[in-house]
Amino acid sequence: MKTYQGDRTIDGLAVTVDGRPLDQRTDLLLLSRNGFEWGYEGPEPAQLALALLADHWGDDARAKAGYEAFMRAVVANFGNEWEMTDADIEAALEEMPAPR
């Protein structure tokens, strides 16, 4: 099971998956040139949502289809430090309203 973590430090933001930096996946969709961010709705949290879902699912098309809703429901509500496992992501996705 993968563990995703985000932290704000004196040196900036760090987002990891199992202790390694999470790929921003700008090759899939460039939403922000400023990297990741969280705690609000915007391009940087959207880039994080896309990267999280792409890594979690291993399905780029599915990640592109779902990142905006995941950003609004989950990433925009992260605090300064956060941690999610694969199971946490699945649980959050199940609680989200179905796309219309």
Side-chain angles (χ1 to χ4, degrees):
M1 177 178 299
K2 292 180 180 178
T3 300
Y4 301 89
Q5 294 178 306
D7 191 18
R8 285 191 174 96
T9 70
I10 197 162
D11 296 322
L13 300 177
V15 178
T16 61
V17 54
D18 293 335
R20 296 180 315 276
L22 179 65
D23 187 340
Q24 292 188 20
R25 293 308 312 269
T26 55
D27 61 308
L28 176 58
L29 187 61
L30 178 60
L31 299 163
S32 170
R33 296 186 188 280
N34 299 321
F36 295 141
E37 200 29 287
W38 56 85
Y40 64 94
E41 293 182 22
E44 292 79 17
Q47 194 74 55
L48 176 57
L50 176 73
L52 286 168
L53 292 181
D55 188 83
H56 171 70
W57 280 327
D59 182 334
D60 292 349
R62 193 173 176 196
K64 283 176 77 171
Y67 79 89
E68 290 179 273
F70 188 74
M71 182 263 301
R72 286 190 300 275
V74 178
V75 175
N77 295 298
F78 283 159
N80 282 336
E81 296 177 13
W82 55 269
E83 178 176 302
M84 291 191 90
T85 64
D86 281 328
D88 295 330
I89 291 174
E90 282 301 314
L93 290 165
E94 287 175 13
E95 291 179 16
M96 289 172 42
R100 297 174 191 220

Peer 1: Report the C-alpha separation of Ile89 and Val74 in whole Å, then their side-chain angles, then the decisive distance to 0.1 Å, and conclude whether the side-chain contact (heavy atoms from CB on, under 4.5 Å) test is met.
Peer 2: CA-CA 9 Å; Ile89 291 174; Val74 178; over 6 Å; no
Peer 1: Determine the minimum heavy-atom distance between Asp7 and Thr9, stating which atoms define it.
Peer 2: OD2-CG2, 3.5 Å
Peer 1: With clusters defined by side-chain heavy atoms of hydrophobic residues (ILVMFWY) lying less than 4.5 Å apart, directly or transitively, does Val75 cluster with Tyr40?
Peer 2: no
Peer 1: Do Leu30 and Leu50 share a hydrophobic cluster, counting only Ile, Leu, Val, Met, Phe, Trp and Tyr and linking them when any side-chain heavy atoms are less than 4.5 Å apart?
Peer 2: no
Peer 1: Sub-3.5 Å donor-acceptor pair from the side chain of Gln47 to the main-chain atoms of Gly35, do we have one?
Peer 2: no
Peer 1: Do you know which two heavy atoms are closest between Leu22 and Phe36, and how far apart they sit?
Peer 2: O-CE1, 3.7 Å
Peer 1: Identify the two heavy atoms, one from Gly79 and one from Arg8, that lie closest to each other, and give their separation to 0.1 Å.
Peer 2: O-NH1, 4.1 Å
Peer 1: Going by side chain to side chain contact (heavy atoms under 4.5 Å, CB included), Leu48 matches just one of Tyr67, Trp38, Tyr4. Which one?
Peer 2: Trp38
Peer 1: Could you go through the side-chain contact (heavy atoms from CB on, under 4.5 Å) check for Asp88 and Trp82 one step at a time?
Peer 2: CA-CA 11 Å; Asp88 295 330; Trp82 55 269; over 6 Å; no
Peer 1: Quick check: closest heavy atoms across Ala51 and Arg25, and the distance to 0.1 Å?
Peer 2: CA-CG, 4.3 Å
Peer 1: Of the non-hydrogen atoms in Thr85 and Met1, which two are nearest, and what is the gap between them?
Peer 2: CB-SD, 3.5 Å
Peer 1: What pair of heavy atoms forms the shortest contact from Met71 to Glu41, and how long is it?
Peer 2: SD-CA, 3.5 Å
Peer 1: Would you please test Trp57 and Glu90 for side-chain contact (heavy atoms from CB on, under 4.5 Å) and show each step?
Peer 2: CA-CA 10 Å; Trp57 280 327; Glu90 282 301 314; 3.5 Å; yes
Peer 1: Would Asp60 and Arg62 pass as an ion pair if we require N to O under 4.0 Å?
Peer 2: no
Peer 1: Hey, is the main chain of Ser32 close enough, under 3.5 Å, to the side chain of Glu44 for a donor-acceptor pair?
Peer 2: no
Peer 1: So, Asp86 side chain and Lys2 main chain: donor-acceptor pair closer than 3.5 Å or not?
Peer 2: yes
